[in-house]
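The structure appears below as structure tokens.
Note that these values count all heavy atoms, side chains included, but never hydrogens, waters or copies made by symmetry. Both counts, for ligands and for their atoms, begin at 1 and track the order of listing. It should be emphasised that the depicted structure is a prediction, and the values quoted were computed from it without experimental measurement.
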Amino acid sequence: MNEKRSSVHGEWSSGLIFILAATGSAVGLGNLWRFPYLVGENGGAAFIILYLVCILLVGLPIMIAEVTIGRKGRRSPINSLRLLARDEGITERWSLVGWLGVVAGFMILSFYSVVGGWSFFYGFEALKGSFTDITSDQASGLFEGLVASPGLVLLWHTLFMIVLFIIVAAGVKKGLQRAVTLLMPLLFLLLVGLVVYGFTTAGFGDAMAFMLQPDFSAIDGGVVLMALGQAFFTLSLGMGAIMVYGAYLPQSESVPVSSGWIVGMDTLTALLAGLAIFPIVFTVGLEPGEGPGLVFVTLPIVFGEIPLGYLLGIVFFVLLSVAAVTSGMSLLEPAVAYLTEASDGSRVKAAAIVAGLIWLLGIAAGLSLNAWSGFHLLPDMGIFDALEYVSSNIMLPLGGLFVAFFVGWKLRTVSVAKELDTHNHHRLFLLWLYVTRFVAPAAVLFIFLQATGLLGLLSGGE
Ligand code: TRP
């Protein structure tokens with residue numbers, strides 16, 4: 001066997017920093033923007049239950065598997081997979097899974113950056129005092145006005161990508177580590193504050209009913225696929241982001257324990273976001289199925305009327321922007337790490353190329369919401385929606401399936417056990433291995449087949 005490798009990109013200074021950075025990657029627009037609106041559109045409590053099952057049965061085991069690959073390979077996902085495949089004497093085509101991730105990352109970041117730009121815009125509006133005494137119609141109008149304006153959308157998308165470029169090009173470590181340490185706890189506190197506020201509103205009861213009483217009639221194969229896609233999306237799984245962060249994890253730290261923390265914090269944040277947002281939705285009489293505008297329409301209304309709302313509004317949207325930035329960076333990092341390894345080692349050049357390409361694709365995503373809204377890439381879906389749907393619901397689960405298969409079946413069990421340092425927890429290790437080998441892949445396959453209607457065909461159904 002080979003010697004222990006070391007990362008050419010540097011390492012996190014401790015396991016705690018890894019947890020913070022990976023939590024920074026996981027906690028983002030997926031929790032605060034995407035989760036609430038998906039819950040709203042897909043039947044509330046029933047969707048939440050499916051999502052939690054996916055997190056536990058598929059998300060957690062695959063997170064452990066991804067970090068394991070990263071820390072054993074110590075390179076970008078593409079090269080880590082290639083090295084590990086070489087170690088095992090199997091085909092180096094496994095690196096294609098890394099490439100799939102790079103493509104998925106491009107697609108995700110292109111629309112993610114557009115929404116990150118909206119967060120910036122809202123931070124700016126909060127500063128201008130635009131939310132003071134805003135009515136629900138005005139709040140809807142503000143959001144619709146933003147989305148309908150190609151100029152505004154592209155301006156803020158561009159700013160978002162510039163910020164990402166600067167951070168990733170600078171070689172994340174110092175600035176990022178410090179930012180994450182300071183800002184993630186603050187975001188958390190603010191969210192708890194909003195939940196407490198939600199508790200005092202008239203819509204709280206309706207919100208609890210919506211989030212706790214499952215209506216399973218709202219569930220079909222498509223909704224299950226959405227819940228699975230959201231589990232991957234919110235945990236940053238399936239495209240190499242967590243893998244590349246794992247490549248910078250010091251050898252002394254426990255992979256399963258860190259993974260547990262990341263998954264726990266991320267899930268808690270999503271649930272808190274729901275508890276913060278739905279009471280307001282019901283109080284002001286908005287539709288929970290409002291769609292992607294949900295957070296951007298609801299929260300300004302609260303900030304417009306509560307004491308200290310002006311200040312809290314600024315803080316919230318600044319933090320939302322920060323959460324989006326710390327996630328966006330991790331979408332950029334796998335491709336940038338690869339290009340740095342593959343070229344003369346200039347991270348700045350690599351970051352400029354990758355960020356530039358994604359910026360271009362993001363322009364298409366942004367324009368598809370206004371100037372090009374007549375153009376459909378998939379039935380009923382413009383470029384933005386199609387990028388979101390295909391990357392989250394198809395490419396991420398597919399990437400995760402390959403990761404589970406690779407770690408569960410292709411890596412030698414002894415070497416995985418050694419990496420996970422499991423001698424005192426042998427039974428837990430076996431449980432994880434079993435889930436990674438059988439349960440997670442089967443769940444992903446089953447959900448795929450069911451959502452595409454293939455299951456009916458295979459079973460000879462009509
Ligand atoms: N998890 C982040 C969020 O919830 C988004 C994200 C960052 C992501 N890196 C990723 C999603 C990698 C999929 C893959 O906002």
- Task: Verify ring pair (Phe, Tyr, Trp, His ring centres under 6.0 Å) between F120 and F160, making sure each step is shown before the conclusion.
- Result: CA-CA 8 Å; F120 282 15; F160 187 83; 5.4 Å; yes
- Would you please indicate yes or no on a ring centroid separation below 6.0 angstrom for F438 and W409? yes
- Going from CG on L249 to OG on S254, what distance comes out if it is rounded to the nearest 0.5 angstrom? 9.0 Å
Extract all N/O-N/O pairs under 3.5 Å that connect ligand 1 to the protein, and present each with both atom names and the distance rounded to 0.1 Å.
| residue | atom | partner | partner atom | Å |
| --- | --- | --- | --- | --- |
| ligand 1 | 1 (N) | S25 | O | 3.2 |
| ligand 1 | 1 (N) | A26 | O | 3.0 |
| ligand 1 | 1 (N) | F233 | O | 2.8 |
| ligand 1 | 1 (N) | T234 | O | 3.2 |
| ligand 1 | 1 (N) | S236 | OG | 3.0 |
| ligand 1 | 4 (O) | A26 | O | 2.9 |
| ligand 1 | 4 (O) | G30 | N | 3.2 |
| ligand 1 | 4 (O) | N31 | OD1 | 3.4 |
| ligand 1 | 9 (N) | S236 | OG | 3.3 |
| ligand 1 | 9 (N) | S330 | OG | 3.0 |
| ligand 1 | 15 (O) | L29 | N | 3.0 |
| ligand 1 | 15 (O) | G30 | N | 2.7 |
| ligand 1 | 15 (O) | Y112 | OH | 2.5 |

- Output for pair (I277 CD1, E290 CD), nearest 0.5 Å, gives 11.5 Å
- Is there a donor-acceptor pair closer than 3.5 Å between any side-chain N or O of S392 and the backbone N or O of E388? yes
- Query: Side chains of S25 and S330: is there a donor and an acceptor less than 3.5 Å apart?
  - Reply: yes
